Amino acid sequence: MTAMNCLLGKAFCKWFSPPHLPELRVKFLHDADVNQLVKKHSHFCIRQEPFPLYPGETLPLVPDFGLKSEDYSKALQAMPVVPSSCALRLRAVQDFLEDGIQIPAGHEWYVEGPMTYIPRPEVEVISLVQPLVIKTGEVLRIRAVQDTRDQDGNNRVTGEEWLVTEPGAYLPGVWEEVCGRDREERDTYVDTGLYLQAVQNLTDSAGVNRCSGDEWLVTGEDVEEYTPQVGIVVSNHVRKIVIKKDQYAVIINPVGPDGKNALGRRELRKGLCSFFLHPGEILEDGKVQNAYLLTEDESMVLQAWEEFKDTMFNDRKRKPGERWMILGPLLYIPPTSVKIIKRSKTIPLSKNEGIYIQNTQTGKVRAVMGPTAYMLTEFEELWEKELPEDTERLLRQGGGEGSADIRKVAYFEQSIDPAILKGRDKTRVVTYRCPGNTAVQVNNFQQKTARVVFGPDLVVLEPEESFQVLSLSGGKPKVENSLKSLCLMLGPDFITDILEVETSDHARLHVQVAFNNHFEVDKNDPESAKKIFSVPDFIGFVCRQIGSHIRGAVALTPFDDFHRHSSTVIQTAVFGKDANGQLNTYLKFDVNNLVISSIDIQNIEPVDTKMRDSLSKSVQMAIEISTREQIAQGQLEQQRLANEVEAEKERAKLYELRALAAAVESTGQATAEAQAQAEKTIIECQSEIETVKLRTRAEEIEHYAKLEIESLMRTQEIDYKQKLTKLEISKEKTSADIEVDKFAKMVHCLGTETITSMATGGQQCKVRLLQALGLEATLFTNGMNPINLFTTASGLVGDTSAE
């Protein structure tokens, strides 16, 4: 190539020797001298002054322009100018030394402006880096591509992210990557706070080391604006809590001076104040609470959680679990060591009103009656008295319950208490307005006593007392448990009942009777008063007793006589006669002092309809005959009697047929019962046989199981003894082998010559020889032949005399 001069000025060009050219010696200008140098293939140099191209040197071709060797102007390049706030990113393409520092190939760095950069052949210009402008309210999220140090001098590891918040121009480092801008999470906080949580180990903007999972609070008092760092997330927004006057708040798990939550502790904060809740802190009951305002008729029972000094009572020391009461008027804020048990008011009680009170220390229940205003103490509480369901129902209905056709039910309406109809307050004393001329029995099950209250009076139940509920018979004819009552009517009263009787000639009749009754009782005698309640159902008792007497008397009387003299028959049956044959005037039951003073027969009618019609016709005929002449009356009477005789005969036949039918029915029933009894006996016998078989089978199974267990036990015992014998034999064999081995080793240790010398050395030497071998120099036998150990010692070494 022809040598030529190139004017560069403030420009440079790269040149190189093509790698395909052979190695030649060329000349080039160096320090104003021309020296013979070796051409370096594929090397570049940068020249700023005019220069000639030496043989083998070429200008780099620019592919975009199709540069020819004669077009040198296009190979010229301008010197890089780096503006202010910008930087030029460079990379070393080969190792070189600069200012005594070795720069390795591949190393990248910045050259910041303003300046004009003079290129080097060992350095490649990668790009011009423009600064990023951070506006107010913006942040840059930066990530470290590899381990580096940021502009603030902080060491960053590969993959670490951080934020740049300072407004202005920011030039990212060589190994820094811009991830993006963030504008949304930057805000001002005045009355709100932020709960922050670290998702990785880091140091926050305040210089505090945070571990992964730590939470803390940032408020407007700390910073006016806050943007979360990388690795910090906002877990919640909280508002400031304001406590007004006469308010307080209890903080659970408060944050201590070390910044950690004191788990389980409680802290009291009173108004006027405001604060933010730190992470982990909880408001008790979830809200700010008002102080307790107690009026003059109010009180509050308190209990100590833990030991503390009570400033309200001259610094009195309260022990855990201690209870006390404070009275109004008072404005009270409970300390954290105090638990409010209850708040109560004075209970006003008028006359005949009362409440049940239970002592929580002793468990004793008592009743407090008015007129008074009662305040419960710290160890008292209202006690609810439970009553049986039927008693509750009877109290709402005035003390009596039954069907509407029972006459006595209307008598209880006067005792209905309107207050109970709305629902009974179980803490109030139970009262019952006992009607006049009645008695109420109250039982005390704790003391096992009873008392009787006579009306008109107010019955007041003590805590351990309850009413005696009477279950009486009612209706016509009487039905049991038709009427329930709290009170017993003393009388005079009357009882009506319909009885079915049968005469001696088998005429069945319905007799409706009413008898007057009353109780003879001495109200001043407790025993006499209790006696009237000895029979719970006195109505049913009286009706059964009187009915049995009447049925017995009518059964002995023919129908005609009973029809003519029914009143005399019934009264005689009920009251009886004295020793003089005179009719008694009353009947008294000693079991409960009930007196029957009189009895009235209200109606008698046959059960059979035909007989009732016949009786009605006969009465009509009798009325007609009484208006005629005596003769006609006699004839009619004879005819009537004849008709009745015939009717009675037919009726007798009817009764005979009924008796026969009843006999057949009873016989069939007896047969069925006998057959059922026989089948029952057969089933029971079969059950017993099956039970015996099963029991025998069970005993057989149990016997075989025992035999099998004993067999297994014998087998295990034999196996155990065999193994034990084998172990003993093995042990003896092992011991014998050990002794033989021991003896052989001892002989080997002593040596043949030593033993020979000792054996020929006389009896004393032989004894020592045997002792050395662990044998006694005695004569013993093996059971058959004696063995001389001295000869044995000689035999150990053979016959020495021959030698």
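Note that the structure is predicted; figures quoted are calculated from it, not measured. Worth knowing before you read on, the calculation uses all heavy atoms, side chains too, and leaves out hydrogens, waters and symmetry mates.
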Novice: Charged N to carboxylate O below 4.0 Å: is that the case for Glu480 and Arg544?
Specialist: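 Counted as a salt bridge, because a side-chain N and a carboxylate O are separated by less than 4.0 Å.
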
Novice: For a side chain to side chain contact (heavy atoms under 4.5 Å, CB included) check, start with the C-alpha distance between Leu470 and Asp537, then their side-chain angles and the critical distance, and finish with the verdict.
Specialist: CA-CA 7 Å; Leu470 301 177; Asp537 185 8; over 6 Å; no

Novice: Without hydrogens or angle criteria, can the side chains of Gln545 and His549 be said to hold a donor-acceptor pair below 3.5 Å?
Specialist: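 Short answer, no.
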
Novice: For Ile604, run the side chain to side chain contact (heavy atoms under 4.5 Å, CB included) check against Leu509, Leu499, Val501 and tell me which one passes.
Specialist: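 For Ile604, the side chain to side chain contact (heavy atoms under 4.5 Å, CB included) test succeeds with only one of Leu509, Leu499, Val501, which is Leu509.
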
Novice: Determine yes or no for a side-chain-to-main-chain donor-acceptor pair under 3.5 angstrom, with Thr557 supplying the side chain and Asp561 the backbone.
Specialist: no

Novice: Regarding Ser337 and Glu306, is there a side-chain donor-to-acceptor distance under 3.5 Å anywhere?
Specialist: yes

Novice: If you measure only the distance, is there a donor-acceptor pair under 3.5 Å linking the side chains of Gln468 and Asn443?
Specialist: yes

Novice: Check the pair Val554, Phe559 against side chain to side chain contact (heavy atoms under 4.5 Å, CB included), reporting the backbone distance first and the verdict last.
Specialist: CA-CA 9 Å; Val554 174; Phe559 171 77; over 6 Å; no

Novice: Step by step, would you call Glu684 with Ser687 a side-chain hydrogen bond (donor to acceptor under 3.5 Å, both in side chains)?
Specialist: CA-CA 5 Å; Glu684 290 178 352; Ser687 299; over 6 Å; no

Novice: Measure the CG-OG1 distance between Leu268 and Thr336 for me, rounded to the nearest 0.5 Å.
Specialist: 6.5 Å

Novice: With rounding to the nearest 0.5 Å, note down the distance linking CD in Glu378 to CD1 in Ile326.
Specialist: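 The distance works out to 11.5 Å.
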
Novice: Less than 4.0 Å between a side-chain N and a carboxylate O, is that true for Arg451 and Glu465?
Specialist: yes

Novice: Kindly write out the residues that satisfy ring-ring contact (aromatic ring centres under 6.0 Å, His included) with Tyr356, not counting sequence neighbours, or none if the list is empty.
Specialist: Trp383

Novice: Is the side chain of Glu688 donor-acceptor paired with the backbone N or O of Cys685 at a distance under 3.5 Å, no angle test?
Specialist: no

Novice: Say whether, by atom type as modelled, one donor and one acceptor occur between the side chain of Asn359 and the main chain of Gln361 under 3.5 angstrom.
Specialist: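 Yes, the answer is positive, given that a donor and an acceptor are paired below the 3.5 Å cut-off.
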
Novice: Using a 3.5 Å distance criterion without hydrogens, assess whether the side chain of Asp425 forms a donor-acceptor pair with backbone atoms of Thr427.
Specialist: yes

Novice: Check whether the side chains of Ser482 and Ser473 place a donor and an acceptor atom closer than 3.5 Å, and report yes or no.
Specialist: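 No, no side-chain donor-acceptor contact under 3.5 Å.
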
Novice: Does CD in Glu386 sit with more than 12 non-hydrogen atoms of other residues, nucleotides or ligands closer than 6.0 Å?
Specialist: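 Yes - once you tally the heavy atoms of other residues, nucleotides and ligands closer than 6.0 Å, there are more than 12.
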
Novice: Would Ser350 and Glu353 count as having a side-chain donor-acceptor pair, cut-off 3.5 Å?
Specialist: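 On atom types as modelled, these side chains qualify, holding a pair under 3.5 Å.
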
Novice: In plain terms, say whether Arg316 and Glu322 are close enough for a salt bridge, that is, a side-chain N and a carboxylate O under 4.0 Å apart.
Specialist: yes

Novice: Apply side chain to side chain contact (heavy atoms under 4.5 Å, CB included) to the pair Met375 and Ile347, showing each step before the final yes or no.
Specialist: CA-CA 6 Å; Met375 174 68 73; Ile347 303 174; over 6 Å; no

Novice: To the nearest 0.5 Å, tell me how far Phe467 CZ sits from Thr391 OG1.
Specialist: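 Between atom CZ of Phe467 and atom OG1 of Thr391 there are 8.0 Å.
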
Novice: Spell out, as yes or no, whether a donor-acceptor pair under 3.5 Å connects the side chain of Lys478 to the backbone of Leu472.
Specialist: no

Novice: What pairs with Phe454 under ring-ring contact (aromatic ring centres under 6.0 Å, His included), at least two apart in sequence or on another chain?
Specialist: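 So Phe454 forms no ring-ring contact (aromatic ring centres under 6.0 Å, His included) with any residue.
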
Novice: Would Phe589 and Phe541 count as a close aromatic pair, with their ring centres under 6.0 Å?
Specialist: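 Ring centroids of Phe589 and Phe541 are less than 6.0 Å from each other.
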
Novice: Can you confirm whether the side chains of Ser534 and Asn592 place a donor and an acceptor under 3.5 Å from each other?
Specialist: no

Novice: Using the side chain to side chain contact (heavy atoms under 4.5 Å, CB included) rule, pick out the option among Val542, Val574, Asp600 that qualifies with Phe515.
Specialist: Val542

Novice: Would you say the side chains of Gln247 and Asn290 form a donor-acceptor pair under 3.5 Å?
Specialist: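 Note: Gln247 and Asn290 side chains meet the donor-acceptor criterion.
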
Novice: Is it true that a side-chain atom of Glu679 and a backbone atom of Ala676 form a donor plus acceptor pair closer than 3.5 Å?
Specialist: no

Novice: Are Leu583 and Gln571 close enough, and set up right, to give a side chain to side chain contact (heavy atoms under 4.5 Å, CB included), and what steps lead you there?
Specialist: CA-CA 8 Å; Leu583 187 66; Gln571 290 184 0; 3.6 Å; yes

Novice: Quick check against the 3.5 Å criterion: does Arg508 have a side-chain atom that pairs as donor or acceptor with the backbone of Glu500?
Specialist: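 Side chain of Arg508 to backbone of Glu500, a donor-acceptor pair under 3.5 Å: no, none is there.
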
Novice: Is it true that Glu673 and Lys680 have a side-chain N and a carboxylate O under 4.0 angstrom from each other?
Specialist: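 No, this pair does not count.
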
Novice: Over 60° means perpendicular and under 30° means parallel, so tell me whether Tyr292 and Tyr248 are parallel, tilted or perpendicular.
Specialist: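 The arrangement is tilted - the two ring planes meet at 30° to 60°.
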
Novice: Judged by atom type as modelled, is there a donor-acceptor pair below 3.5 Å linking the side chain of Asp246 to the main-chain atoms of Ala291?
Specialist: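 Not confirmed, Asp246 side chain does not pair with Ala291 backbone.
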
Novice: Sub-3.5 Å donor-acceptor pair from the side chain of Lys531 to the main-chain atoms of Asp590, do we have one?
Specialist: yes

Novice: With Arg318 as the cation and Phe313 as the aromatic partner, state whether NZ or CZ is under 6.0 Å from the six-membered ring centre and within 45° of the axis.
Specialist: yes

Novice: Output yes when Glu267 and Arg265 qualify as a salt bridge under the 4.0 Å nitrogen-oxygen rule, no when they do not.
Specialist: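 The answer is no: the pair does not qualify as a salt bridge.
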
